[in-house]
2 protein chains.
Amino acid sequence: METGATILDLNQLRRSCGLCALNELCLPAGIGRPDLERLDTIVHHKRTLDRGKALFRQGDTFHALFVVRSGSLKTFVENPAGDVQVLGFHLPGEIVGIDALANDHHLCDAEALERTSICELPYAQLQQVVREVPSLHGQLMRVVSREMVAEQRHLAMMGNQQAQERLAIFLQSLADRYGRLSRDPSTLNLPMSRYDIANYLGLVVETVSRLFSRMEAAGILAVNRKTVRILRPDLLTALCDSSGRSLRSREAG
Amino acid sequence: METGATILDLNQLRRSCGLCALNELCLPAGIGRPDLERLDTIVHHKRTLDRGKALFRQGDTFHALFVVRSGSLKTFVENPAGDVQVLGFHLPGEIVGIDALANDHHLCDAEALERTSICELPYAQLQQVVREVPSLHGQLMRVVSREMVAEQRHLAMMGNQQAQERLAIFLQSLADRYGRLSRDPSTLNLPMSRYDIANYLGLVVETVSRLFSRMEAAGILAVNRKTVRILRPDLLTALCDSSGRSLRSREAG
DNA sequence: GATTCCTGTTGACCTCGATCAAGAGCGAGC
DNA sequence: GCTCGCTCTTGATCGAGGTCAACAGGAATC
């Protein structure tokens, strides 16, 4: 349906970090033109995953870092007893696979929540580029640090917050990230199941379901399966810090 | 060797990564002699903290990474409501401060649990050394990755494990780390308070106290204030995976 | 359209761990 | 010595959220 040239242009658009809309949210943030082109030479853009398909599995040997380009992923660990813990949901511009650097093999699973396309950064080549482009080292460390901070927030939520606050915080953070991606932050299209949400929040699915119902009854949300509209962002924010456990927290000395 | 050189040798011993007992557990692991000497030039060894003193506080501007040399630290976040979450306890050879790389200021507090000495790695200089010693980049990423994995384990514990399993896992992991530091892994000298342990595990102090008593009654531990002897490591291990929540976990899909 | 499977919702009940309360052990300061 | 103020322990009670159970709404297959 299109001329050959158009397809090439589209390919070009899809292939270059410099032209990618996620540019400033992603690894290239703050990296100058020529260096960016060097980085571009090693980025593979091909991989596309269907819903439920794995990007990598626990135990896979590590060879690349990945960045979500469109769609979304979940990462999770599973212990020998079969207990699953969802570690995070990853939206466009977010990096996954860092946990594998310590051991040369992946310690968690990464799975597509919907049709998802991925940029692949072969690690050996990335290290070579880091040698040539020193500022990339700093940027990589910053991105990694950002992931750590997200994990710490997750942890703090699990340790201190009540069920309702947890869900509110989760929705809020999702809305924030939608905003940063220039999507409408008041209409969330949750790509993950209630089971995933519950597990991520350290709750069971029934509790999450009840909380959605309760927040809908309170006029804060309009919930229709995967589609959640935030009607009262102010009330949602209020729910985020209803000061959970009083005693436990204040005096850990 | 000359007389008078002895004092210099001791200083040398204290000052050089090459001679440090933690060498292979720390940042220098896998780095060759000459590169190590270059790294050595930027490491400051002076800081010593008394119990309860802060290495840094939330909001402090970031200028250096730190490695515990002796003693121990806890890191924790505190939200505006006053809720505290202990993120981790840091033993010799472990690095802290990475979370600050993303924002140029610290997002958590780090506090000494006992008299603790610290190696300081000024970040600007560290980056310079990374340019000169490319293998250091890889090693830094590995160390960071190790921290992330520890956080993920913490998270999985909070999400899936019952109270008793949490304490068992905590003691087990402490014993493992003692072992790696060539200390007796069966006699733990807990530098942190019951409050810190409880908060780290997402429990309250009363629960932790009861669990210690219960495990002592079961003949697994001998508890005397801060001193905990592991009498039956086999039983402790058994408690670590008594498969907590069955339904919640098995099918997060 | 009927069947099956899966995800999600709602209700009834119960348990684990939080909360409240009291007291014991120990150190620091006077 | 005594008191004050911690940290830690133990007991009694309560409630948030987990467990069990039943069912409803889609989606996929036939």
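By convention in this document, chain letters (A, B, ...) are assigned in the order of the sequence lines, proteins followed by strands, and residues within each chain are numbered from 1.
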If we ignore angles and hydrogens, is there a donor and acceptor under 3.5 Å between the side chains of Ser70(A) and Ser117(A)?
yes
State which of dA18(C), dG8(C), dT9(D) makes the closest approach to the side chain of Val204(B).
dA18(C)
Please list all pairs meeting ring pair (Phe, Tyr, Trp, His ring centres under 6.0 Å) that have one or both residues in residues 145-171 of chain A, counting only residues at least two apart or in different chains.
Phe89(A)-Phe170(A), His154(A)-Tyr200(A), Phe170(A)-Tyr200(A)
Taking salt bridge (Lys or Arg N to Asp or Glu O under 4.0 Å) as the test, write out the residues that go with Glu120(A), two or more places apart.
Arg47(A)
With each end axis built from five pairs of C1' atoms, what bend angle do you get for the helix from dG1(C)-dC30(D) to dC30(C)-dG1(D)? Round to 10°.
40°
With side-chain hydrogen bond (donor to acceptor under 3.5 Å, both in side chains) as the rule and sequence neighbours excluded, what pairs involving residues 208-219 of chain A come up?
Gln164(A)-Arg214(A)
Starting at atom CE of Met192(A), determine the distance to atom P of dG8(C), rounded to an integer number of angstrom.
11 Å
Which residues pass the side-chain contact (heavy atoms from CB on, under 4.5 Å) test with Leu101(B), not counting sequence neighbours?
Met141(A), Ser145(A), Phe62(B), Ile98(B), Tyr123(B)
Please produce a list of atom pairs where a protein N or O lies less than 3.5 Å from an N or O of nucleotides 11-13 of chain D.
residue: dG11(D); atom: N7; partner: Arg210(B); partner atom: NH1; Å: 2.8
residue: dG11(D); atom: O6; partner: Arg210(B); partner atom: NH2; Å: 3.4
residue: dA12(D); atom: N6; partner: Arg210(B); partner atom: NH2; Å: 3.4

Enumerate the residue pairs fulfilling salt bridge (charged side-chain N to carboxylate O under 4.0 Å, His left out) with a member in residues 149-162 of chain A, sequence neighbours excluded, ordered by first and then second residue.
none
Quick test: give all pairs of protein nitrogen or oxygen and nucleotides 13-15 of chain C nitrogen or oxygen below 3.5 Å, distance rounded to 0.1 Å.
none

Would you name the heavy atoms of Met192(A) and Ile197(A) that are closest together and state the gap between them?
CG-CG1, 3.5 Å
Can you give the donor-acceptor pairs under 3.5 Å from side chains of residues 107-116 of chain B to other protein atoms, not counting sequence neighbours?
residue: Asp109(B); atom: OD1; partner: Gln58(B); partner atom: N; Å: 3.0
residue: Asp109(B); atom: OD1; partner: Gln58(B); partner atom: NE2; Å: 3.4
residue: Asp109(B); atom: OD2; partner: Arg57(B); partner atom: NH1; Å: 2.7
residue: Glu111(B); atom: OE2; partner: Arg57(B); partner atom: NH1; Å: 3.2
residue: Glu111(B); atom: OE2; partner: Arg57(B); partner atom: NH2; Å: 3.4
residue: Glu114(B); atom: OE2; partner: Ser72(B); partner atom: N; Å: 3.4
residue: Glu114(B); atom: OE2; partner: Ser72(B); partner atom: OG; Å: 2.5
residue: Arg115(B); atom: NH1; partner: Asp50(B); partner atom: OD1; Å: 2.3
residue: Thr116(B); atom: OG1; partner: Ser72(B); partner atom: N; Å: 3.0
residue: Thr116(B); atom: OG1; partner: Ser72(B); partner atom: O; Å: 3.0
residue: Thr116(B); atom: OG1; partner: Glu114(B); partner atom: O; Å: 2.8

At their closest point, which heavy atom of Arg232(B) faces which heavy atom of Gly219(B), and how far apart are they?
CG-O, 3.4 Å
Under the side-chain contact (heavy atoms from CB on, under 4.5 Å) test, which residues partner Arg177(B), sequence neighbours left out?
Leu91(B), Glu94(B), Ser173(B), Leu174(B), Arg180(B)
Taking atom P of dC16(C) as reference, at what distance in whole Å does atom CD of Gln162(A) sit?
19 Å
Under the side-chain contact (heavy atoms from CB on, under 4.5 Å) test, which residues partner Thr187(A), sequence neighbours left out?
Asp184(A), Thr227(A), Arg229(A)
Per atom distances to the Ser209(A) side chain, the nearest of dT9(D), dT7(D), dG8(C) is dG8(C)
Polar pairs (N or O, both sides) under 3.5 Å between protein and nucleotides 24-28 of chain D?
none

